[in-house]
Amino acid sequence: MIGVILLTLLLEEICSEWHHTPYGTKARYDQVAGNILDANFGECQPVKLFGIHRHGTRNVGSKTVRRLDFFINALKDFYHLPGVMPDEFSWVKDYTHNLHPNKDLVLEGYVEVSEIGRRFSTKFPELFHDADSVRYFASSYKGRCISSALSYIYGVYGSDDYVVANASGIKAVTPDIQRHCGRMCAVYDLLKPKDRAILPFNHAQNHLLRYYDECTNYKKKEEDKQTWMEAGERYLKSAAMAALTSRVGGRLNVTMTPYDVITAHILCDTEVLLPRLMGSSSRWCSLFRDDDLYVSAVYFDLIRYSRRMMPEAVDASCILWQKALSHLTSPKVSSGVTLMFAHTETLFPLLKHIGYLSDTPMTADADIHSREFFGDLTPMASNLVMVALSCPSHLTQTPVRFFLNEREIHLPGCESDTCTLENLRSTFPSEGCDYEATCSYDALAFYVQCVAAVVVSVCLADVVKRKILL
């Protein structure tokens, strides 16, 4: 009996750990998420909640579909030659998919975000339903984010409450964001007129939720694609990728390049994420065995880290963090919920800014299983939620708890029993967030940097392009 109890405790401990997948930001939410209903606040009462959500599962983009189709068609053409097609992959010859290259939310995305909303409203009924609780929803201008916000609202309120702020703007893009919602299309009933505004919804919060887009210094560095692709390109030439390329090519009986393997990995990601659209015959993941997918996943995360975790993006995310602290500490609101719907690019820099991700950069020699940075930290529908509490044992301070994808997390120096809003305000003072200084483009400094780097010809071309007077 004691042995059974010990085994049960061990299994519970193992299951509570974050077991990363090789699917990166295309991981399904249910593959990595916890359940907020399991959170225990003891004697404390939740009084405020601030959440930043990534949009739910969406279609893949047009560039990705073109890449996948090129690979599939090339393989089909090769398999028309006699005696080269392995029996195991005979299904490739007639394979087709139903992907729609528009990046809209798909039915799976509507349902998963709606279910997240339902769980949070069940866990925090007073915050979501009491008349005295101030509720505010916002999103970036992208249709998939607007759809996600409305789906969340549907999960919380069904069709009983209505969104009214900026309703005309939402209505204008409804045909696009409604394309694949299936039975969840009822969420758009929220756009009907009602006498009283209950749920303010602003879907143009780009200065906060797409802060990286308006950060000129970051965008300038991001334009240099070669810089943030460099680590990934080096990894494609590594011994690990060479061995993987040989293994996968051998299974298909074709000569492959590392880029082909990366394309096959994307096919597998998509197969796991959107099986309904990839078709019943899809078996791309069978190309990979054992740890193969974790080997190729390093490539994606190296590029993702190099591109999304630039210091300018991390520092610029402070404006969103200050918004969160302002909501949680505002004396004007005693009880309330603020939820914002954005992108994976919104969450990653913020996680580093607040210290959840360390300053240690990701490198190609990191262990494929135990490295710190994994793309599936922000799967589809991922969320970072902060809950402020009122506790009898903290009469003069306000404890706060953090949840990433419905799993409790802890920030350095801010453990669950000692983490308070007062400590966070001290650690992250508002005057320490200077978005303008971080993001403003300095033409003179740029020119000096060009000369120092002895790449004058390249820099002059960029200067002319930007119409900067020397």
Side-chain angles (χ1 to χ4, degrees), residues 23-27 29 32 50-64 102-105 109 113 138-149 203-225 227-229 231-232 266 269 273 297 299-324 339-357 359 361-362 372-385 404-405 433 435 438-439:
Y23 308 118
T25 56
K26 301 301 186 289
Y29 186 73
V32 298
F50 187 96
I52 305 162
H53 292 251
R54 184 191 180 191
H55 58 76
T57 298
R58 61 164 173 82
N59 274 313
V60 296
S62 57
K63 290 181 181 179
T64 300
N102 52 34
K103 292 191 176 182
D104 286 348
L105 218 65
V113 178
S139 79
S140 80
Y141 74 98
K142 292 292 187 179
R144 55 189 176 273
C145 298
I146 300 172
S147 296
S148 297
H203 64 279
Q205 292 287 293
N206 296 314
H207 63 291
L208 283 174
L209 297 173
R210 293 176 65 90
Y211 54 81
Y212 46 89
D213 263 355
E214 299 189 13
C215 185
T216 308
N217 282 336
Y218 169 69
K219 294 302 290 184
K220 179 191 171 301
K221 289 180 71 173
E222 190 194 26
E223 287 173 5
D224 185 6
K225 187 175 180 180
T227 298
W228 52 262
M229 288 286 290
I266 296 172
D269 284 350
L273 180 66
Y299 166 80
F300 293 97
D301 283 341
L302 281 169
I303 290 178
R304 189 172 290 117
Y305 188 94
S306 300
R307 183 180 186 183
R308 303 304 181 194
M309 306 297 269
M310 293 180 188
E312 291 80 3
V314 173
D315 293 344
S317 70
C318 70
I319 62 169
L320 184 53
W321 179 238
Q322 290 299 322
K323 174 71 174 178
L339 295 173
M340 298 187 162
F341 294 80
H343 310 269
T344 186
E345 298 90 337
T346 308
L347 283 164
F348 269 133
L350 181 62
L351 289 173
K352 187 171 182 180
H353 175 69
I354 64 177
Y356 180 69
L357 293 174
D359 290 331
M362 180 182 175
E372 179 189 41
F373 184 83
F374 272 85
D376 69 356
L377 288 170
T378 64
M380 293 295 180
S382 55
N383 49 82
L384 174 64
V385 174
L404 179 61
N405 304 325
C433 178
Y435 183 87
T438 297
C439 295

Verdict with reasoning, Arg144 to Asp104, per salt bridge (Lys or Arg N to Asp or Glu O under 4.0 Å): CA-CA 5 Å; Arg144 55 189 176 273; Asp104 286 348; over 6 Å; no

Trace of the side chain to side chain contact (heavy atoms under 4.5 Å, CB included) decision for Phe373 with Met309: CA-CA 11 Å; Phe373 184 83; Met309 306 297 269; 4.3 Å; yes

Stepwise side chain to side chain donor-acceptor pair (under 3.5 Å) test for Asp315 and Tyr435: CA-CA 8 Å; Asp315 293 344; Tyr435 183 87; over 6 Å; no

Verdict with supporting geometry, Tyr305 and Lys352, side chain to side chain contact (heavy atoms under 4.5 Å, CB included): CA-CA 11 Å; Tyr305 188 94; Lys352 187 171 182 180; 3.0 Å; yes

Verdict with reasoning, Ile266 to Thr64, per side chain to side chain contact (heavy atoms under 4.5 Å, CB included): CA-CA 8 Å; Ile266 296 172; Thr64 300; 3.9 Å; yes

Derivation of the side chain to side chain contact (heavy atoms under 4.5 Å, CB included) call for Leu320 and Ile52: CA-CA 9 Å; Leu320 184 53; Ile52 305 162; 3.7 Å; yes

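Considering CG of Leu347 and CG of Leu377, their distance stands at 10.0 Å, rounded to 0.5 Å. Here the NZ atom belonging to Lys221 is positioned 3.5 Å from the CD atom belonging to Glu312, to the nearest 0.5 angstrom. From Tyr218, atom OH reaches atom OH of Tyr212 across 8.5 Å, with rounding to the nearest 0.5 Å. With rounding to the nearest 0.5 Å, the separation of CG in Leu208 from CE in Met340 is 5.0 Å. Taken to the nearest 0.5 Å, the CZ atom of Phe374 stands 12.0 Å off from the CG atom of Leu357. Atoms SG and CD1, on Cys215 and Ile319 in that order, are 9.0 Å from each other to the nearest 0.5 Å.
In this structure, Asp376 contributes its side chain and Tyr23 its backbone to no donor-acceptor pair below 3.5 Å. Although no hydrogens or angles enter the test, the distance criterion places a donor-acceptor pair under 3.5 Å between the side chain of Tyr211 and the main chain of Thr346. No donor-acceptor pair under 3.5 Å is formed between the side chain of Ser306 and the backbone N or O of Ile303. Side chain of Asn405 to main chain of Asn383: a donor-acceptor pair is present (N/O by atom type, distance under 3.5 Å, no hydrogens or angles).
A salt bridge links Glu222 with Lys219: the distance from a Lys NZ or Arg NE/NH1/NH2 to an Asp or Glu carboxylate oxygen falls below 4.0 Å.
When every heavy atom of Val32 is checked against every heavy atom of Pro379, the shortest pair comes out as CG2-CG, 3.4 Å. In terms of heavy-atom proximity, Gln322 sits nearest to Cys433 at CG-CB, 3.9 Å. The heavy-atom pair separating Ser139 from Leu209 by the smallest distance is C-CD1, 3.5 Å.
By the side chain to side chain contact (heavy atoms under 4.5 Å, CB included) test, Thr344 is found to be paired with Thr25, Arg54, Phe348, Thr378, residues two or more places apart in sequence or in another chain being considered. Applying the side-chain hydrogen bond (donor to acceptor under 3.5 Å, both in side chains) criterion to Asp301, with sequence neighbours excluded, gives Arg304, Arg371.
Using a 4.5 Å cut-off on side-chain heavy atoms (C-beta onward), Thr438 and Asn217 make no contact. Between Met362 and Leu302, some side-chain heavy-atom pair lies under the 4.5 Å cut-off. Side-chain contact between Leu350 and Ile354 is present, with heavy atoms from C-beta onward closer than 4.5 Å. Using a 4.5 Å cut-off on side-chain heavy atoms (C-beta onward), Arg58 and Lys26 make contact. Residues Cys318 and His353 have side chains in contact (heavy-atom distance under 4.5 Å, counting atoms from C-beta outward). Two residues are said to be in side-chain contact when any heavy atoms from C-beta on lie closer than 4.5 Å; Lys142 and Phe341 fail this criterion.
Exactly one residue among Arg210, Gln205, His343 makes a side-chain hydrogen bond (donor to acceptor under 3.5 Å, both in side chains) with Ser140. That residue is His343.
Side-chain N/O atoms of Asn102 and Asn59 include a donor and acceptor closer than 3.5 Å.
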